[in-house]
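I have placed the structure first, in the form of structure tokens, so that the comments after it can refer back to it.
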Amino acid sequence: MDLDEAIYGRRSTREYTLEAVDEPTIRRLIDAAVHAPNATNEQPWTFTVVRDQALLDQVSQASKTYVLPTLPAGPQADRYRSWLSDPQFHIFYHAPLLIVISGIRQGPWIAEDCALAAENLMLTAFGQGLGTCWVGFSQGYLNTPEGKQALGLPAEWMPVAPIIVGHPKTMPAPVARREPHIRWVG
Ligand SMILES: Cc1cc2nc3c(=O)[nH]c(=O)nc-3n(C[C@H](O)[C@H](O)[C@H](O)COP(=O)(O)O)c2cc1C
């Protein structure tokens, strides 16, 4: 796929078919992820592949319980509050697969490295006809001792990018962007 087509065509996907993502495809996505630029090429990441739907249901529920009391006041948070209070709302949108990109230790650029890996993974998934969505709602819980235990992550790992992946049920509509604020210096 043409690079522009991937960058401008990728959309966060929130409706998936039941079709599983096969293992060679998962490995292809992770291979693309590790080709991301990363500080001093330390590649401080690890990829946790979760396909167990009962576990995803459990993490979805626990993440909702964790996030709700942390939401600030305000109209945007009120919108999230109403989603997260809905018992039917599944933070992983019943996607067949979650890939959690975690830093394997503390460090000054761990979050940047994992986020760049996540973008490579999401663009490559789009190129393969798959949908993805970064699920920030799960990050708070996944960084607790209970959340790490749920996925079997060692205590020192830092989950940065929880990315759901699957076959899109429908193609999401484009999401508009504001004109960028640009300051030209020199
Ligand atoms: C750090 C981060 C956290 C996000 N968390 C969520 C989330 O919890 N739930 C969700 O539905 N989308 C989440 N998104 C997706 C954004 O809402 C989405 O990227 C944004 O609305 C722009 O739409 P697009 O990805 O289709 O261009 C997240 C995206 C990022 C980068």
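Order of appearance sets the numbers: ligands from 1, and atoms from 1 within every ligand. Values below: all heavy atoms of this structure, side chains included; hydrogens, waters and symmetry mates excluded.
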Within the 3.5 Å criterion, strictly below it, is a donor on T25 or D22 matched to an acceptor on the partner's side chain? yes

Best match, R10, R14, M122: closest heavy atom to atom 12 (N) of ligand 1: R14

Any chance the side chains of N120 and H35 put a donor and an acceptor closer than 3.5 Å? no

Can you check whether L123's main-chain N or O pairs, donor with acceptor, with Q128's side chain at less than 3.5 Å? no

With nothing but distance in play, are any N or O atoms of Q139 less than 3.5 Å from an N or O of ligand 1? no

Could you tell me how the ring of F89 sits relative to the ring of F137: parallel (under 30°), tilted (30 to 60°) or perpendicular (over 60°)? perpendicular

Pick whichever of G9, S12, P162 has a heavy atom sitting closest to atom 19 (O) of ligand 1. S12

Please verify whether a non-hydrogen atom of C133 lies at under 4.0 Å from ligand 1. yes

Among all protein non-hydrogen atoms, which one is nearest to atom 3 (C) of ligand 1, and what is the separation to 0.1 Å? W134 CD1, 3.4 Å

Does an N or O anywhere in V135 fall below 3.5 Å from an N or O of ligand 1? no

Would you say K148's side chain and Y141's backbone share a donor-acceptor pair under 3.5 angstrom? no

Tell me the protein heavy atom at minimum distance from atom 23 (O) of ligand 1, and give that distance in Å. V175 CG2, 3.8 Å

Would you call R81-D78 a salt bridge at under 4.0 Å N-O? yes

Would you say the side chains of Q139 and W134 form a donor-acceptor pair under 3.5 Å? yes

Listing request: all side chain to side chain donor-acceptor pair (under 3.5 Å) pairs with a residue in residues 95-115, at least two apart in sequence or in separate chains. E42-R105

Give the atoms of ligand 1, by number and element, whose distance to some non-hydrogen atom of Y93 is under 4.0 Å. 9 (N), 10 (C), 11 (O)

In terms of atom number and element, which parts of ligand 1 are under 4.0 angstrom from non-hydrogen atoms of G136? 3 (C), 4 (C), 5 (N), 6 (C), 7 (C), 8 (O)

Can you name the atoms of ligand 1, numbered from 1 with element, that are less than 4.0 Å from a heavy atom of R11? 24 (P), 26 (O), 27 (O)

At under 4.0 Å between heavy atoms, which part of R177 makes contact with ligand 1: side chain, backbone, both or neither? side chain

